[in-house]
Protein chains: 2
Amino acid sequence: MAEDYVELIAELIETRGEARPVEIAERLGVKPPTVTKNISRLKAAGLVRREPYRAIFLTDAGQDLAEICRRRHRVVVAFLLSLGIDEETAERDAEGIEHHVSGTTLEAFERRLNQK
Amino acid sequence: MAEDYVELIAELIETRGEARPVEIAERLGVKPPTVTKNISRLKAAGLVRREPYRAIFLTDAGQDLAEICRRRHRVVVAFLLSLGIDEETAERDAEGIEHHVSGTTLEAFERRLNQK
DNA sequence: GTAAAAAGTTAGACATGGCTAACTTATCTA
DNA sequence: TAGATAAGTTAGCCATGTCTAACTTTTTAC
Ligand SMILES: [Mn+2]
Ligand SMILES: [Mn+2]
Ligand SMILES: [Mn+2]
Ligand SMILES: [Mn+2]
């Protein structure tokens, strides 16, 4: 959960200027109360900083995690695409697969991408 | 959860003759009460048949699912190995990845395996 | 500047999947 | 065949992640 959230928050800040619960809910396909609760957990975990009713920010730890996750996400999607999988499917599968790809496997994916 | 359980139950029946909670608990790294509870759920879902204190059997639906999962598991592991990943890591990563691999992606994996 | 709309939160429920402690049943062994 | 051991279950707890209904705060539009 945390991985998808920080990944998305970083992306929203980058593309929209700020991360709002309503956007997060839409993008993740969950309802606003779910986002509120999960953001609280991220805050408790030291990954985000935020005041009630205000936008959401990443802490340094959150930014670090987001960086790792976004990079990994990109690699997994690129790898699936390189196998001839359509974009829809690549994105959908990557969203789940990414959370189970070890550093070793990620490197293997990258190696394969570079040598083509 | 169901996928890992039926997969393992099928394997235990094949290699050990029967599937027992104590084995399942060890293999999945959970405690026996967790297995009891989850087997009840599988029974409610129509995937297994069983009497208290007796071995666990798969229903036809359970066997069908097990077949699909075992085949998919084998393909994912083989695919990771073909990327040069060590067996430990391939098995560990596959155990998570398999649940997020769509039919489309599985076919892409197989294609890649066959053409090498 | 107020009223309506949108966004966000709180409370409380539910399902899933873990655990420990205590108990029951089955199996083994002397 | 009893007693000990192993296996399995039950009860009750917890964390995670989802939801709806109702409420509060903020933003927008007039
Ligand atoms: Mn994801
Ligand atoms: Mn992702
Ligand atoms: Mn698995
Ligand atoms: Mn598996």
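These numbers were taken from a predicted model, which means no experiment stands behind them. Naming: A, B, ... by sequence-line order, numbering from 1 per chain.
- Between C:dG8 and A:R20, a contact under 4.0 Å exists linking OP1 or OP2 to a side-chain N or O.
- We find that NZ of A:K43 is positioned 13 Å from C1' of C:dT9, with the value rounded to whole Å.
- Proximity of B:T34 to the phosphate of C:dC19: a side-chain N or O atom is located under 4.0 Å from OP1 or OP2.
- The interatomic distance linking B:E51 (CD) with D:dT9 (P) rounds to 11 Å, in whole Å.
- For A:R50 and C:dT9, the shortest distance from a side-chain N or O to OP1 or OP2 is below 4.0 Å.
- How far NE2 of A:H100 is from CD1 of B:I97: 8.0 Å, rounded to the nearest 0.5 Å.
- Taking every side-chain heavy atom of B:P33 into account, C:dC19 is the closest of C:dC19, D:dC19, D:dG17.
- In this structure, the nucleotide among D:dA7, D:dT24, C:dT16 sitting nearest to the side chain of B:V22 is D:dA7.
- A straight line from CG of B:L42 to C1' of C:dA15 spans 15 Å, rounded to a whole angstrom.
- Considering only heavy atoms from C-beta on, A:L83 comes within 4.5 Å of B:F79 through its side chain.
- Taking CG from B:L58 and CD1 from B:I13, the interatomic distance works out to 4.5 Å, rounded to the nearest 0.5 Å.
- Summarising the geometry, the separation between CD on A:E18 and P on C:dA7 is reported as 12 Å, rounded to the nearest angstrom.
- In this structure, the CG atom of A:L28 is 8 Å from the P atom of D:dT18, given to the nearest Å.
- Between B:R54 and A:A2, the one whose closest nucleotide on DNA chain D sits nearer the 5' end is B:R54.
- Spacing between atom CZ of B:R41 and atom C1' of C:dA15 amounts to 8 Å, rounded to whole angstrom units.
- Using a 4.0 Å heavy-atom distance criterion, A:P21 is classed as a sugar-phosphate-only contact.
- Closest contact between the side chain of A:Y53 and the listed nucleotides C:dG8, C:dT25, D:dT20 involves C:dG8.
- Atom pair A:M1:CE and D:dT16:P shows a separation of 8 Å (rounding to whole Å applied).
- Here C:dG18 is the nucleotide among D:dG17, C:dT9, C:dG18 with the atom lying nearest to any side-chain atom of B:N38.
- For C:dT10, the base has no donor-acceptor partner in the side chain of A:K37 [N/O atoms by modelled type, under 3.5 angstrom].
- B:T36 has no side-chain polar atom (N or O) that falls below the 4.0 Å cut-off from OP1 or OP2 of D:dG8.
- Contact annotation: the side chain of A:E91 approaches that of A:H73 to within less than 4.5 Å [non-hydrogen atoms, C-beta and beyond].
- Rounded to an integer number of Å, the gap from CD of B:E26 to P of D:dG8 is 10 Å.
- Between atom OH of residue B:Y5 and atom CD1 of residue B:I56 there is a gap of 9.0 Å, rounded to the nearest 0.5 Å.
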